[in-house]
Amino acid sequence: MALRFFNTYSRRLEEFQPLDPNGRAVKMYTCGPTVYSFAHIGNFRAYLFEDLFQRHLELRGYEVDRVMNITDVDDKTIRGCAAAGVPLAQFTQQFKDAFFADLTTLRIKRARTYPEATNQRHIATMLAMIETLIARALAYQAEDKSVYFRIKKFPGYGKLAHFNLDELQSTGRVKNDEYDKEHVGDFALWKAWDEADGDVRWESPWGPGRPGWHIECSAMATEILGNQLDIHCGGVDNIFPHHEAEIAQTEGCTGQRFVRYWLHCAHLLVDGQKMSKSLGNFYTLRDVLAKGYSGREVRYALLRVHYRAQLNFTWEGMLEARQALARIDDWLARLRERIASVSLADSESPQAGRMLDFEEALDDDLNISAALGFLFESIRETNRALDGKELSASEARAWLEWWKRIDTVLALTAEENGTPADVAALGDARAQARLAKDWRKSDELRDQIAALGYEVRDGKDGQKIAKRGRV
Ligand code: AMP
Ligand code: ZN
């Protein structure tokens, strides 16, 4: 069966066909974090959906080249560094470090590169794009010295978000005091410097200032991946104005279709409302780890619902994730035991039937709930066969091989040496404490881990945890 995904642009399920004439290479761009505070687990729902997407494409033989940007200059980062009284780069560094530590904790595969908006080379690309847009009358400098995109001049503005210009209202992402604009929906490409920006400024043909958020992504995506991408992802709140603006800017410069497939994940909710920093109803990963959960459990809890369905975050949901993983761990242990024991008859050959269902469910717009349904049905059936001593060692081996294959997508295997969930959770919390240079907390957590009979050793690629005497 061909892979098919729901394209926000057409509002349809479309068969997946990359631009590469050999049908193998896939160019994927994913909008990354704005590093003015710790990412919350709503953000990580988006990044985990993208991780699932990349991993499934790779399972299906595609070679995915993924880029994720880091927004390290915008209103919020500037406000943050001013309040902290430190330079912008110093202010954002701590949140960049935390972000990468969180990716590791959640087992999110690294993108090829994480370009940063403040990199001089990318700023130069942004300036060049803005110049092109002005030359084509798609942008203008207003009296406030900022440069704006002229949305009325771009045919098709609103096609991704599916609305027409007359419905356009000013949104939270648009500054209210931009009264110099020709149209309320015109968005800033270059924001003129003002006193509140302090020493955050770059020179430009239009005077000192800084880039707008949208042009950052257009510039970094095309500079690194080329003018045309296969896939662009984000959360649904990115559709407008951010991705709509990216299309207008990029296509306004290149005259080519920017992205073939736009995929957006629905929000993570808390008590029925979007989890967001502005509402104050958010949990960071470290908040959840501090309650004794591991990164693996958070990964499962955020992955298990279809990306286009909203997911309500609850502590019961976290408990369910723990139980589901315990079932998987227990099943794998039983399979290994069965393989090790030679006393039972070993003649039947394994059945492949259900093994394909998992992948086919993901082929169908990443239907993870159906895929997990097949997994747990398989676990139930094999457990029954094991109970009745009816599962041959070769069947058990085939199931284990199958697990290894699907786990390249799920990334849910327990830590080596069978580290129990509570020890793994303490380990994840300790890794976070070390990152925050909280040595006292790190030592406390080491003691708690030791009290459970495990030892930690810190190495070049992070910490290793094993049963005491086995590190
Ligand atoms: P931001 O740092 O706000 O630009 O967000 C980074 C990514 O997280 C974007 O792809 C957002 O769409 C996504 N995002 C933000 N809040 C949520 C949420 N509650 N649920 C899912 N994704 C979210
Ligand atoms: Zn972006």
Side-chain angles (χ1 to χ4, degrees), residues 38-45 47-48 51-52 95 97-109 268 270 275 282-305 311-333 372 403 407 410-459 461-471:
F38 297 114
H40 59 66
I41 56 171
N43 302 130
F44 283 111
R45 182 187 194 201
Y47 307 144
L48 280 163
D51 186 52
L52 178 74
F95 302 117
D97 292 344
F99 171 69
F100 287 110
D102 289 355
L103 290 184
T104 304
T105 305
L106 292 172
R107 305 176 176 193
I108 293 174
K109 207 166 176 168
L268 182 69
V270 188
M275 179 176 287
F282 64 92
Y283 296 107
T284 63
L285 179 59
R286 55 219 65 216
D287 295 333
V288 184
L289 299 181
K291 296 253 185 193
Y293 289 98
S294 66
R296 180 169 85 114
E297 289 166 334
V298 180
R299 178 177 175 89
Y300 182 88
L302 296 180
L303 264 188
R304 70 192 173 130
V305 170
L311 166 59
N312 204 17
F313 178 81
T314 60
W315 294 109
E316 293 91 80
M318 285 307 304
L319 266 186
E320 280 164 29
R322 172 162 292 177
Q323 285 157 1
L325 290 173
R327 283 191 64 199
I328 294 173
D329 294 349
D330 175 61
W331 176 63
L332 294 173
L372 290 173
W403 168 260
D407 197 48
L410 293 173
L412 288 172
T413 298
E415 284 72 10
E416 270 177 53
N417 311 321
T419 310
D422 49 349
V423 176
L426 290 168
D428 287 347
R430 182 173 178 274
Q432 299 274 353
R434 291 179 68 76
L435 186 89
K437 301 198 169 39
D438 187 345
W439 310 120
R440 213 182 54 170
K441 179 108 182 268
S442 155
D443 287 345
E444 267 171 37
L445 287 160
R446 175 196 291 273
D447 292 345
Q448 288 177 40
I449 292 168
L452 294 168
Y454 285 77
E455 244 178 294
V456 189
R457 182 174 292 173
D458 297 304
D461 23 298
Q463 62 181 15
K464 293 236 166 0
I465 301 184
K467 258 210 150 63
R468 210 178 351 249
R470 280 213 252 142
V471 178

- Message: To the nearest 0.5 Å, what is the distance between CD on Gln432 and CZ on Phe38?
- Response: 8.0 Å
- Message: Test side-chain contact (heavy atoms from CB on, under 4.5 Å) on Tyr300 and Leu372; report intermediate values, then the result.
- Response: CA-CA 11 Å; Tyr300 182 88; Leu372 290 173; 3.9 Å; yes
- His40 and Phe282 aromatic ring geometry - parallel, tilted or perpendicular at 30°/60° bounds: tilted
- Would a 4.5 Å heavy-atom cut-off, applied to side chains only, mark Trp315 and Lys291 as touching? yes
- Message: Looking at Asp438, is its backbone amide N or carbonyl O close enough to the side chain of Ser442 to form a donor-acceptor pair, meaning the two atoms are under 3.5 Å apart?
- Response: no
- Have Thr105 and Asp102 got a donor and an acceptor in their side chains that come within less than 3.5 Å? no
- Query: Which atoms form the tightest heavy-atom contact between Ala425 and Gly292, and what is the distance?
  - Reply: CB-O, 3.2 Å
- Message: Between Arg304 (side chain only) and Ala321 (backbone N and O only), is there a donor and an acceptor less than 3.5 Å apart?
- Response: no
- Task: Evaluate the side-chain contact (heavy atoms from CB on, under 4.5 Å) criterion for residues Ile41 and Tyr47: first the C-alpha distance (whole Å), next the side-chain angles of each, then the deciding distance (0.1 Å), finally the verdict.
- Result: CA-CA 9 Å; Ile41 56 171; Tyr47 307 144; over 6 Å; no
- Does Thr284 offer a backbone N or O that forms a donor-acceptor pair with the side chain of Asp287 under 3.5 Å? yes
- Query: How many angstroms lie between CZ in Arg296 and CZ in Arg322, if you round to the nearest 0.5 Å?
  - Reply: 10.0 Å
- Task: Identify the two heavy atoms, one from Gly295 and one from Leu106, that lie closest to each other, and give their separation to 0.1 Å.
- Result: O-CD2, 3.5 Å
- Sorted by chain and residue number, the side chain to side chain contact (heavy atoms under 4.5 Å, CB included) partners of Leu445 (sequence neighbours excluded) come out as Leu426, Ala429, Arg430, Ala433, Lys441, Gln448
- Query: Donor-acceptor pair, Arg107 side chain versus Arg299 backbone, under 3.5 Å?
  - Reply: no
- Message: Quick check: closest heavy atoms across Leu435 and Ala101, and the distance to 0.1 Å?
- Response: CD2-CB, 3.6 Å
- Any idea which heavy atoms bring Arg286 and Ala98 closest together, and the distance? NH2-CB, 3.6 Å
- From CA spacing to verdict: side-chain contact (heavy atoms from CB on, under 4.5 Å), Ile108, Phe44: CA-CA 9 Å; Ile108 293 174; Phe44 283 111; 4.2 Å; yes
- CG (Leu303) and CG (Leu52) are apart, to the nearest 0.5 Å, by 5.5 Å
- Message: Tell me whether Asp51 contacts the main-chain N or O of Lys109 through its side chain, where contact means a donor paired with an acceptor under 3.5 Å.
- Response: yes
- Item | Residues which pass side-chain hydrogen bond (donor to acceptor under 3.5 Å, both in side chains) with Arg45, listed by chain and number, not counting sequence neighbours | none
- Distance from Ile449 atom CD1 to Glu444 atom CD, nearest 0.5 Å? 12.0 Å
- Query: Rounded to the nearest 0.5 Å, how far does CD of Gln323 lie from CD of Glu297?
  - Reply: 10.5 Å
- Residues in side chain to side chain contact (heavy atoms under 4.5 Å, CB included) with Asp407, at least two apart? Trp403, Leu410, Leu412, Thr413
